Enquirer: 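Have a look at the structure that comes next, please.
Owing to the predicted nature of the structure, the values given are computational and were not obtained by experimental measurement. Note on naming: letters A, B, ... go to the chains in the order of the sequence lines (proteins, then strands), and numbering restarts at 1 for each one. Atoms considered below: every heavy atom in the structure, side chains included; atoms not considered: hydrogens, waters and symmetry mates.
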Amino acid sequence: MSYQRIYRVVDRIPPGRVATYGQVAALAGLPGHARQVGYALHALPESSRLPWHRVVNAKGEISLRSMPGAELVQQQRLAREGVHLQPNGRIPLEQVRWKPGARVRARRLTR
DNA sequence: GCAATGACGCTCT
DNA sequence: CAGAGCGCCATTG
């Protein structure tokens, strides 16, 4: 259960921001183990309070999982935090990508 | 223990 | 920019 390491990183993702699997893996000290991150989240119990919905793939897209429709749940959760999908069905990573350590400078007038 | 599979990522075409 | 190929590792049959 080295998953604990991954879960801890995911728990650090602030609301309104998203991280990629690879990013989480690297932060967890497991560079290149993006798949394992996805595997860990897959095994995550539904009752978990972990913000797993803030984790997307490198394309900024919500990865499809075994159960169809579940991705819509993630999409809805993200929207609730202000992260909306673009017309192409992807998330503007450049804007919502979580930069660990980087201070939220002036929360730009992006909005 | 070997082979197949999977919430992925990077590189090349 | 999109699609195909290869890599990486833990879990499962």
Enquirer: Tell me: CD of A:Q86 to P of C:dC1, nearest whole Å?
Expert: 11 Å
Enquirer: Given atom CG of A:L64 and atom P of B:dT5, what is their separation to the nearest angstrom?
Expert: 18 Å
Enquirer: Rounded to the nearest angstrom, tell me the gap between atom CD in A:Q74 and atom C1' in B:dC8.
Expert: 14 Å
Enquirer: Tell me the interatomic distance from A:E61, atom CD, to B:dG9, atom P, rounded to whole angstroms.
Expert: 11 Å
Enquirer: May I ask whether A:L93 and A:I13 are part of the same hydrophobic cluster, defined by side-chain heavy atoms of I, L, V, M, F, W, Y residues being less than 4.5 angstrom apart, directly or through others?
Expert: no
Enquirer: For A:G32 and for A:Y39, locate the closest nucleotide of DNA chain C by heavy-atom distance; then report the residue assigned to the nucleotide nearer the 5' terminus.
Expert: A:G32
Enquirer: Indicate whether OP1 or OP2 belonging to C:dA2 is found under 4.0 Å from a side-chain N or O atom of A:R90.
Expert: yes
Enquirer: Please determine, for the side chain of A:S63, which listed nucleotide (B:dA7, B:dG9, C:dA2) has the closest atom?
Expert: B:dA7
Enquirer: For A:N57 and B:dG9, give me the distance from atom CG to atom P, rounded to whole Å.
Expert: 5 Å
Enquirer: Using side-chain heavy atoms (C-beta onward) and a distance below 4.5 Å, is A:Y21 in contact with A:S63?
Expert: yes
Enquirer: List the steps and the verdict of side-chain contact (heavy atoms from CB on, under 4.5 Å) for A:R54 and A:R17.
Expert: CA-CA 7 Å; A:R54 293 176 193 151; A:R17 288 273 133 85; over 6 Å; no
Enquirer: Side chain of A:H33 only, please: which of B:dC8, C:dT11, C:dC8 is the nearest?
Expert: C:dC8
Enquirer: Measure from the side chain of A:Q36, starting at C-beta and using heavy atoms only, and say which of B:dG6, B:dC10, B:dA7 lies closest.
Expert: B:dG6
Enquirer: Is it the case that the base of C:dC9 and the side chain of A:R35 share a donor-acceptor contact (distance under 3.5 Å, atom types as modelled)?
Expert: no
Enquirer: Could you state the atom-to-atom distance from CZ of A:R54 to C1' of B:dA7 in whole Å?
Expert: 17 Å
Enquirer: For a quick check of understanding: with a heavy-atom distance under 4.0 Å over all strands, which category does A:E71 fall into, base, sugar-phosphate or nothing?
Expert: nothing
Enquirer: I'd like to know whether CD of A:Q86 has more than 12 heavy-atom contacts from other residues, nucleotides or ligands below 6.0 angstrom.
Expert: yes
Enquirer: For A:L30 and B:dC8, give me the distance from atom CG to atom P, rounded to whole Å.
Expert: 16 Å
Enquirer: Apply the test side-chain contact (heavy atoms from CB on, under 4.5 Å) to residues A:R49 and A:D11: give CA-CA distance (whole Å), side-chain angles for both, the deciding distance (0.1 Å), then the verdict.
Expert: CA-CA 9 Å; A:R49 72 171 189 67; A:D11 194 37; 3.2 Å; yes
Enquirer: Measure from CD1 on A:I6 to C1' on C:dC8 and round the result to the nearest Å.
Expert: 13 Å
Enquirer: Considering only C:dA2, C:dA10, B:dA7, which nucleotide approaches the side chain of A:Y3 most closely?
Expert: C:dA10
